[in-house]
Amino acid sequence: SLPYIVLVGRPNVGKSTLFNRLIRSNRAITHDRPGVTRDRMEGLVRRKGLPSFGIVDTGGITLDAHAAVTEGPAGIRGFERDILAQAEAALAGAAAVAFVVDGRDGLLPLDEYLAAHVRRMGLPTLCVVNKVDGMEREDEQMAEFHRLGFPLLPVSAEHGYNITALCEDLAALL
Ligand code: GDP
Ligand code: MG
């Protein structure tokens with residue numbers, strides 16, 4: 001079967017928007033691999049001249065996780081566990097990781113926390129800096145993410161900026 005790449009990142013960075021951009025009209029398909037959460041979405045990335053690969057959106061923020069966020073630091077542990085459980089199930093068979101961050105919010109503690117886990121997986125990883133919606137602030141928006149230690153690519157899932165480059169860079173991780 002095809003190698004697949006997992007989208008990992010805290011809620012609201014734009015993973016699902018990117019997922020939809022990447023799969024275009026390719027129907028999302030579901031797999032019943034063991035340990036897979038109900039929220040998991042898998043699709044196919046196909047571009048002319050590139051090897052095809054699967055993409056997995058580790059999607060879902062549960063109501064409990066949402067409560068944990070609104071409860072602040074006291075609730076954050078359960079929230080992190082929830083995201084990590086999904087990500088780790090998906091990462092078990094993955095070829096590479098697209099670690100998605102939000103170029104408007106900047107680098108947050110939860111990004112660093114998740115990045116540390118991704119780093120420990122030892123998989124080829126691209127840091128996708130999403131919501132870079134205009135070129136004028138691109139350098140500024142990118143700057144603080146260098147410290148994560150992953151190669152970076154600015155994109156805008158909403159406007160379609162750099163989506164072709166994203167497909168190329170992801171295919172190059174396989
Ligand atoms: P997820 O929780 O990581 O799956 O994030 P979503 O894909 O659900 O997106 C969260 C929010 O960010 C939504 O309101 C999206 O419309 C918005 N969003 C996604 N990509 C972009 C982008 O490139 N630019 C901007 N400005 N907003 C975006
Ligand atoms: Mg989502």
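Read the numbers this way: they start at 1 and go in the same order the structure lists the ligands and their atoms. None of these values were measured; they are calculated from a predicted model.
The pair Arg147-Glu112 meets the salt-bridge criterion, since a charged nitrogen lies less than 4.0 angstrom from a carboxylate oxygen.
The two residues Gln141 and Asp133 come nearest to each other via the heavy atoms OE1-N, 4.5 Å.
Here the shortest heavy-atom distance to atom 25 (C) of ligand 1, taken over Val101, Val13, Val8, Asp133, belongs to Asp133.
Where the criterion is an N or O separation shorter than 3.5 Å, residue side chain and backbone included, Ala157 meets it with respect to ligand 1.
Under a 4.0 Å criterion applied to the non-hydrogen atoms of Asn12, ligand 1 contributes the atoms 1 (P), 2 (O), 3 (O), 5 (O), 10 (C), 12 (O). Set against the non-hydrogen atoms of Lys15, the atoms of ligand 1 under 4.0 Å away are 1 (P), 2 (O), 3 (O), 4 (O), 5 (O), 7 (O).
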Between side-chain atoms of residues 89-103 and protein atoms elsewhere (two or more places apart, or another chain), which donor-acceptor pairs fall under 3.5 Å?
from: Asp102; atom 1: OD1; to: Arg104; atom 2: N; distance (Å): 2.7
from: Asp102; atom 1: OD1; to: Asp105; atom 2: N; distance (Å): 3.0
from: Asp102; atom 1: OD2; to: Lys131; atom 2: NZ; distance (Å): 3.0

Return a table of donor-acceptor pairs under 3.5 angstrom between the side chains of residues 118-130 and protein atoms on other chains or two or more places apart.
from: Arg119; atom 1: NE; to: Leu148; atom 2: O; distance (Å): 3.4
from: Arg119; atom 1: NH2; to: Leu148; atom 2: O; distance (Å): 2.9
from: Thr125; atom 1: OG1; to: Leu123; atom 2: O; distance (Å): 2.9
from: Asn130; atom 1: OD1; to: Ala157; atom 2: N; distance (Å): 2.8
from: Asn130; atom 1: ND2; to: Val13; atom 2: O; distance (Å): 2.9

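Atoms CE and CG, from Met142 and Leu152 in turn, are 4.5 Å apart once rounded to the nearest 0.5 Å.
Within the coordination shell of the Mg ion (ligand 2), defined by N, O or S atoms under 2.8 Å, Ser16 is present.
Put simply, no part of His159 is less than 4.0 Å from ligand 1, judged by heavy atoms. In this structure, Pro11 is part of the shell of residues with a heavy atom less than 4.0 angstrom from ligand 1.
Of the heavy atoms in Val155, none comes closer than 4.0 Å to ligand 1.
Between the Asp111 side chain and the Leu108 main chain, a donor and an acceptor come within less than 3.5 Å of each other.
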